[in-house]
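In what follows, a structure is listed as structure tokens, so that the remarks can point back to it.
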Amino acid sequence: MLIGLDIGGTKIEGVLLKSSTLDLIEKIRVETPKTHYQDFLAAVEGVIDSLSQQGEVLSIGIGCCGSVDSETSLMKGANIQYLNGEAFLSDLEKRYPVPVEISNDANCLAISEFKTGAARAANDSCAAIIIGTGCGGGIIANGGIIEGRNGLGGEIGHNPLPHFSEEKDGQPVQCYCGSMNCIESFVSGTGFERTYALKHSPLKAVEIFKNAEQGDEAARAHIEHYCDQLARVMGSIVNVIDPEVFVLGGGLSNQDVIYPIVQEKLAQYTFTKSVNTRVVKAENGDSSGVIGAAMLPLIKQKIKI
Ligand SMILES: [Zn+2]
């Protein structure tokens with residue numbers, strides 16, 4: 001059996017999957033402790049121990065914010081602040097004598113969709129992009145996840161928006177990361193609302209999509225422009241790794257209207273101006289993170305089941 005955990009700022013979700021079929025056997029959800037690492041570690045171990053009672057566990061995969069520093073093995077860049085500087089992975093490896101892996105939510109989405117979701121027909125590559133509160137990416141190439149030398153593989157959200165111009169995209173904007181015109185500032189759900197508010201008045205993303213459906217020209221033009229920005233991002237990814245398929249996850253990915261527009265615009269932003277790469281919606285929904293996490297050790301350590 002495989003254990004997967006999806007750790008967020010408010011909850012820790014754990015699943016137990018059957019190794020042979022990846023069927024769900026059990027699911028647990030507990031609150032994420034608010035202040036101390038030791039409480040957090042005890043909560044995580046509590047979930048793992050509870051799931052382990054069902055039988056032999058083959059591996060443990062964890063989807064979590066931040067990354068494990070390749071030199072110090074300590075957590076860094078986590079927005080659960082008390083995790084930074086802690087030896088989370090080593091602490092779990094000491095306690096559990098099975099392969100343990102940690103990765104971020106976008107990588108877990110990519111793995112989940114590649115193995116059992118919208119990209120399962122792909123031979124050995126896909127790129128997953130989360131367009132939610134933020135914008136993250138996960139890249140599968142040659143059948144493996146690209147974590148990278150610094151744990152930054154797939155972090156497309158903090159590259160500059162390709163072909164940015166003030167005329168098309170508005171005033172330059174500084175990202176919280178310190179860089180200018182980050183992709184996340186435009187193509188995340190937050191970015192989608194930010195750029196609409198600059199041109200018109202503040203509205204929630206779902207309202208903008210609803211208005212467009214009802215014939216509102218300003219909303220329709222904003223969506224069209226948003227899809228153009230997304231196509232520019234994908235075109236630049238095609239020119240680097242040329243994935244077989246793009247899978248979109250996160251809140252805005254539920255808006256079906258964006259797919260044909262992005263698909264139609266993608267080719268013009270690639271080197272050859274002619275590609276047949278598909279752009280599809282994630283299929284595993286809210287469970288993507290935790291299912292992808294359970295499969296992390298299979299992908300990263302090439303464990304056979
Ligand atoms: Zn940034």
Side-chain angles (χ1 to χ4, degrees), residues 7-9 63-70 74-85 102-110 127-140 145-199 202 204-205 208 222-223 225-241 243 246-253 258 262 266 269 279 282 289:
I7 298 176
C64 186
C65 55
S67 60
V68 179
D69 188 288
S70 56
L74 303 178
M75 291 295 292
K76 62 178 181 179
N79 57 21
I80 300 174
Q81 298 294 336
Y82 58 69
L83 256 178
N84 292 313
I102 296 180
S103 200
N104 66 41
D105 58 346
N107 287 344
C108 290
L109 170 74
I129 302 177
I130 295 179
I131 40 177
T133 309
C135 172
I139 309 285
I140 304 270
I145 190 84
I146 306 290
E147 290 276 4
R149 176 71 182 88
N150 302 286
L152 293 175
E155 289 290 358
I156 53 129
H158 299 276
N159 276 1
L161 181 70
H163 305 281
F164 170 85
S165 80
E166 278 193 49
E167 193 188 324
K168 280 190 297 186
D169 303 303
Q171 290 283 314
V173 56
Q174 182 160 31
C175 179
Y176 67 86
C177 78
S179 297
M180 294 300 293
N181 302 326
C182 282
I183 284 167
E184 179 169 287
S185 302
F186 298 90
V187 309
S188 64
T190 316
F192 177 81
E193 291 174 355
R194 181 188 70 80
T195 48
Y196 183 86
L198 284 178
K199 284 185 279 185
K204 288 281 172 206
I208 300 168
H222 184 66
I223 292 167
H225 183 62
Y226 169 81
C227 290
D228 185 76
Q229 292 171 324
L230 202 49
R232 288 184 237 162
V233 172
M234 292 179 183
S236 68
I237 296 172
V238 169
N239 285 352
V240 180
I241 59 149
F246 282 101
V247 182
L248 301 182
L252 287 191
S253 74
I258 67 173
V262 173
L266 173 60
Y269 295 114
V279 183

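Both ligands and their constituent atoms are indexed starting at 1 by order of listing. What you are looking at is a predicted structure, and each value in this text was computed from that prediction instead of being measured.
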Find the distance between CG (Leu161) and OG (Ser185) and round it off to the nearest 0.5 Å.
9.0 Å
Rounded to the nearest 0.5 Å, how far does OG of Ser253 lie from CG of Leu109?
8.5 Å
Give the ring-plane orientation class for Phe164 versus Phe186, where under 30° counts as parallel, over 60° as perpendicular and anything between as tilted.
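Because their plane-to-plane angle lies in the 30° to 60° range, the rings of Phe164 and Phe186 count as tilted.
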Check the orientation of His222 and Tyr196. Use parallel for under 30°, tilted for 30 to 60°, and perpendicular for over 60°.
perpendicular
Side-chain donor/acceptor pairs under 3.5 Å, residues 74-83, sequence neighbours excluded:
| unit_1 | atom_1 | unit_2 | atom_2 | d |
| --- | --- | --- | --- | --- |
| Tyr82 | OH | Pro33 | O | 2.6 |

For the Zn ion (ligand 1), every protein N/O/S atom that sits closer than 2.8 Å, waters excluded
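Listed by chain and number, the atoms are His158 ND1, Cys175 SG, Cys177 SG, Cys182 SG.
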Check whether Glu184 reaches the backbone of Cys135 with its side chain - one donor and one acceptor, N or O, closer than 3.5 Å.
yes
